[in-house]
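Remember, predicted model here, so these are calculated numbers, not experimental data. Heavy-atom basis, side chains included; hydrogens, waters and symmetry copies ignored.
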Amino acid sequence: MTRKAVKGNVIADLLAENPIQDYEALDFEFPDEHINEVDCEEEGPADVWEMYFDGAVNLSGNGIGAVLISPDGKHFPIAVKLRFDCTNNVAEYEACVMGLQAAIEMKIRKLEVYGDSALIIYQVKGEWQTKDPKLIPYQKYLLELIEKFQEISFTHLSRDKNQFADALATLAVMA
């Protein structure tokens, strides 16, 4: 006889010799039978995500970094090496676009965007004009992406408060 069979017999014998006197079957009646679905996606102040972005251009190459932070504090980093020559402003736009595209794919509806590029932040907010012909298509595309969010805001940060995205962009350059 295998050990499992012996253990099973012992448990069965124990239960047969010691019946429970006041046993009551479980009651499977649900008082709220009319409830078909519980909405887990109830939106409130805690459903706002954050995104930090940065671009890096140096002699080693070009890279972009972005990080999405969920309302419960989980980090989703993105680092991409750019395989074309570009200016720092183009790299910053690329980083912002990449972060927004990832947020759209993750079905994020409310987003606070942070970046250390005053140019990008103020151009997207409409406070500064875009004069560089290379940046105009980026700004137009960014405005199209913004339309896909229920709520979105853009805030300029100092470089020391954007270190994680900066590190991702630098890491992408080195890859």
Side-chain angles (χ1 to χ4, degrees), residues 36-175:
N36 292 331
E37 181 180 335
V38 177
D39 187 8
C40 295
E41 295 182 23
E42 190 171 316
E43 294 184 0
D47 63 346
V48 179
W49 287 61
E50 293 178 355
M51 182 188 95
Y52 295 82
F53 71 92
D54 198 15
V57 175
N58 58 39
L59 296 174
S60 301
N62 311 318
I64 58 175
V67 62
L68 290 162
I69 304 174
S70 70
D72 60 352
K74 291 181 183 155
H75 288 62
F76 299 88
I78 303 160
V80 177
K81 183 174 181 94
L82 300 177
R83 301 276 182 197
F84 57 91
D85 290 330
C86 63
T87 65
N88 191 49
N89 289 332
V90 168
E92 294 281 350
Y93 262 112
E94 287 277 348
C96 189
V97 164
M98 182 63 65
L100 291 182
Q101 287 173 333
I104 290 167
E105 285 181 33
M106 295 171 69
K107 300 194 181 345
I108 295 170
R109 302 295 299 139
K110 296 179 182 178
L111 186 64
E112 293 175 354
V113 180
Y114 298 95
D116 59 22
S117 171
L119 182 85
I120 308 302
I121 298 295
Y122 293 120
Q123 283 181 348
V124 169
K125 287 170 109 175
E127 295 177 22
W128 291 1
Q129 289 182 351
T130 307
K131 294 181 180 176
D132 186 344
K134 287 183 260 181
L135 301 181
I136 292 172
Y138 281 105
Q139 184 189 23
K140 285 182 181 176
Y141 184 60
L142 211 55
L143 294 174
E144 288 175 24
L145 292 176
I146 288 170
E147 295 297 318
K148 299 185 180 193
F149 293 91
Q150 184 179 343
E151 289 178 24
I152 190 165
S153 66
F154 288 83
T155 306
H156 179 253
L157 288 177
S158 59
R159 283 184 182 233
D160 62 315
K161 293 193 173 127
N162 200 24
Q163 290 178 347
F164 191 52
D166 181 53
L168 286 170
T170 305
L171 189 67
V173 168
M174 294 168 33

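- Put simply, CG on L168 and CG on D54 are 9.5 Å apart, with the number rounded to the nearest 0.5 Å.
- When only modelled atom types and interatomic distance are considered, T87 and N89 share no side-chain donor-acceptor pair under 3.5 Å.
- A distance of 11.0 Å separates CG of L171 from CG of D166, quoted to the nearest 0.5 Å.
- The shortest side-chain heavy-atom distance between V90 and L135 falls under the 4.5 Å cut-off.
- For the pair Q123 and Q129, the tightest heavy-atom approach, listed with the atom from each and the gap, is NE2-O, 3.4 Å.
- Of the inter-residue distances, the one linking I120 atom CD1 with K125 atom NZ reads 13.5 Å to the nearest 0.5 angstrom.
- At least one side-chain heavy atom of H75 sits less than 4.5 Å from a side-chain heavy atom of F164.
- You'll find the side chain of R109 stays beyond 4.5 Å of the side chain of D47, heavy atoms only.
- Between I104 and K148 the shortest heavy-atom distance is CD1-CD, 3.8 Å.
- Scanning all heavy atoms of the two residues, the minimum distance from F84 to N62 falls at O-ND2, 2.6 Å.
- Within the model, atoms CD of E94 and OH of Y141 stand 10.0 Å from one another, a figure rounded to the nearest 0.5 Å.
- The number of heavy-atom neighbours closer than 6.0 Å to CG of D85, taken from other residues, nucleotides and ligands shown, is 12 or below.
- Between Y138 and Y93, the ring planes are parallel. Angles under 30° get that label, and only those over 60° would be called perpendicular.
- Minimum heavy-atom separation, C96 to V113: SG-CG1, 4.5 Å.
- Annotation for I64 and A91: closest pair CG2-O, 3.2 Å, computed over non-hydrogen atoms.
- In this structure, E92 CD and I121 CD1 are separated by 9.0 Å, a value rounded to the nearest 0.5 Å.
- Distance check, rounded to the nearest 0.5 Å: NZ of K110 to CD1 of I152 gives 13.0 Å.
- Y52 and E50 get closest at one heavy-atom pair: OH-OE1, 3.2 Å.
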